[in-house]
2 protein chains.
Amino acid sequence: MKSRQFIQSLEKGLMILKVFSGSRASLSVTDIAGSCGMNMATAHRYLFTLKELGYLEQEAATRRYRLTPKVLKIGVAALNTMDLKNRLLPHMLETTKTFDVTTQCAILDDTDVVVLDRVRSREVVNWDIGVGSRLPVYCTAMGKAILAFLEDEAQTGLLQRIRFERHTRHTLGTPEELQADLARIRDSGYVFSDQELTMGLRSIAAPVFRNGRVEGAFGISYAVNRANEAGLESALVKQVLQIAAKVSF
Amino acid sequence: MKSRQFIQSLEKGLMILKVFSGSRASLSVTDIAGSCGMNMATAHRYLFTLKELGYLEQEAATRRYRLTPKVLKIGVAALNTMDLKNRLLPHMLETTKTFDVTTQCAILDDTDVVVLDRVRSREVVNWDIGVGSRLPVYCTAMGKAILAFLEDEAQTGLLQRIRFERHTRHTLGTPEELQADLARIRDSGYVFSDQELTMGLRSIAAPVFRNGRVEGAFGISYAVNRANEAGLESALVKQVLQIAAKVSF
DNA sequence: AATGTAATTTCGCAATGCGAAATCATGAGG
DNA sequence: CCTCATGATTTCGCATTGCGAAATTACATT
């Protein structure tokens with residue numbers, strides 16, 4: 001039983017918006033009613049309301065609904081209130097320029113890291129994640145950087161909720177492997193991740209602190225074949241640590 | 001009087017989320033109640049619900065609420081369903097690499113253009129807008145590119161809603177000036193915008209069509225001083241038009 | 001036309017959310 | 001340490017809102 005304070009109509013409305021995130025672009029009343037377990041009349045009322053408010057639009061022909069750019073407004077506000085991004089951005093630009101690597105910053109949300117911003121290297125990679133995308137903590141450099149320095153209770157809770165999935169042959173598969181890795185990371189202060197999420201891609205990351213607590217992470221990614229360049233990776237590690245230290249407090 | 005179908009609780013909940021977008025990062029119950037014109041008990045119920053659902057978190061000390069990264073999930077889904085972005089991205093990467101300019105794509109939302117994605121040039125500019133940010137239609141190259149090719153009724157309606165504000169000495173100040181500019185744009189097929197929004201910054205943009213209707217725009221920006229480089233700007237115009245044509249259908 | 005499928009609206013009833021007021025923190029003075 | 005003040009949270013009875021079954025409408029197919 002929910003608290004007396006809980007407003008169910010709001011939950012339903014947001015549930016509908018969320019369904020759009022998971023599924024395809026355009027959905028019909030029936031689709032929504034089905035996937036939310038609502039009566040069709042109910043689903044229709046909510047869709048109608050969201051349309052009125054401008055968060056959804058309806059194709060005239062098919063009567064199907066799709067998200068409008070207005071929904072972005074809400075999320076982007078959240079992004080901009082994260083000053084981690086603002087503190088890091090100049091360093092990201094500079095690092096990308098100097099080493100021609102992709103730099104990014106991210107924060108934790110449950111068992112995912114959320115990419116706040118990224119500066120792309122000039123080399124076009126087949127792989128491209130965007131601002132706001134989510135990646136699993138346990139197989140990303142930034143994820144592990146944050147995880148390693150999380151408060152104990154938060155960390156153990158989180159570790160239990162992780163559902164391990166093998167993305168490449170380098171992906172860690174068990175909590176134990178991850179624990180061991182985290183211990184190593186705590187020692188060295190940074191993460192070196194070799195193709196744990198995507199084949200062909202390496203990353204280096206370090207945590208950023210705010211008042212002594214992990215706030216997020218700074219990371220860089222580059223193609224494996226660049227490992228040949230003499231001294232590159234050690235320079236990158238140095239760079240990552242230096243920047244993470246500079247913006248931490 | 002609203003339709004019988006309209007669900008007020010959802011409106012209130014979303015209104016609260018929206019207030020966070022406009023104002024500062026963290027808000028108290030009283031703040032919300034004030035700016036939404038709600039009873040404090042009501043505001044509290046909604047904040048409580050949003051917290052339960054994970055869209056807000058509450059600082060233990062101050063009892064104030066702030067947005068969580070979870071709200072991003074909703075908006076980002078909208079971004080990813082826009083295949084305009086996916087179609088353009090490879091060309092953006094290539095263009096940025098070739099000319100070392102910042103490339104971007106955007107769509108229209110009411111009187112703003114919303115930046116879907118951008119690839120930064122290597123030159124670090126003091127100015128930096130991010131994914132999801134909104135810029136006024138009437139003083140951006142991409143905005144005018146879209147506006148110029150909008151259906152008549154949509155265009156006239158929109159023109160009336162624009163509130164002109166002078167950002168630089170090049171900013172257009174009246175509907176008439178804008179109209180004249182749009183006519184010129186329709187002739188040439190592209191927009192050349194010189195420091196209309198930000199001093200020191202030039203942009204070139206062209207509309208992208210989908211089934212013959214404007215879907216969004218592709219644009220590039222660069223520092224004014226690069227206008228010296230012989231042939232650069234005409235090459236850029238050619239590039240913009242070529243790419244816009246390629247991804248249109 | 002007849003049939004089927006999906007969207008929309010109606011309507012009476014019950015649950016939900018409302019606001020005034022009470023209660024519970026927390027902090028600032030005295 | 002107590003009091004007052006301020007803000008957050010909860011209670012509670014009542015009116016409103018939102019619910020679902022069913023009716024209606026809108027289209028596409030046969």
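All values reported here derive from a predicted model rather than from experimental measurement. Here is how names work: the chains are called A, B, and so on, in the same order as the sequence lines, proteins then strands, and each is numbered from 1.
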Practice task
Kindly say whether, by distance alone, the side chain of B:R63 makes a donor-acceptor pair under 3.5 Å with the base of D:dG7?
Solution key: no
Completion exercise
Whole-Å distance, A:L50 CG to D:dG18 P, equals 13 Å
Exercise for the section: Determine the minimum heavy-atom distance between B:M142 and B:V113, stating which atoms define it. Expected result: C-CG1, 4.3 Å
Handout entry: Any B:H44 side-chain N or O less than 4.0 Å from OP1/OP2 of D:dT9
Key = yes
Problem - Cation-aromatic face contact B:K70/B:Y55, 6.0 Å, 45 degrees - result: yes
Handout entry: Side chain of A:N39 - closest among C:dT8, D:dG20, D:dC19
Key = D:dG20
Exercise for the section: Give the rounded distance in Å between these two atoms: CD of B:Q5 and C1' of C:dA7. Expected result: 11 Å
Fill in the blank from the handout: Of the candidates C:dT16, D:dG18, D:dA8, the side chain of A:Q8 sits closest to C:dT16
Handout entry: Of the listed nucleotides D:dG18, C:dC18, D:dA8, the one nearest the side chain of B:T30
Key = D:dA8
Exercise for the section: Taking the six-membered ring for Trp and the full ring for Phe, Tyr or His, determine whether the centres of B:F164 and B:Y138 are under 6.0 Å apart. Expected result: yes
Exercise for the section: Report the distance from atom CZ of B:R64 to atom C1' of D:dT6, rounded to the nearest whole Å. Expected result: 14 Å
Handout entry: Euclidean distance, atom CZ of residue B:R45 to atom C1' of D:dT11 [Å, nearest integer]
Key = 11 Å
Handout entry: C:dG17 OP1/OP2 closer than 4.0 Å to side-chain N/O of B:K12
Key = no
Practice task
Measure from CG on B:L47 to P on C:dC18 and round the result to the nearest Å.
Solution key: 12 Å
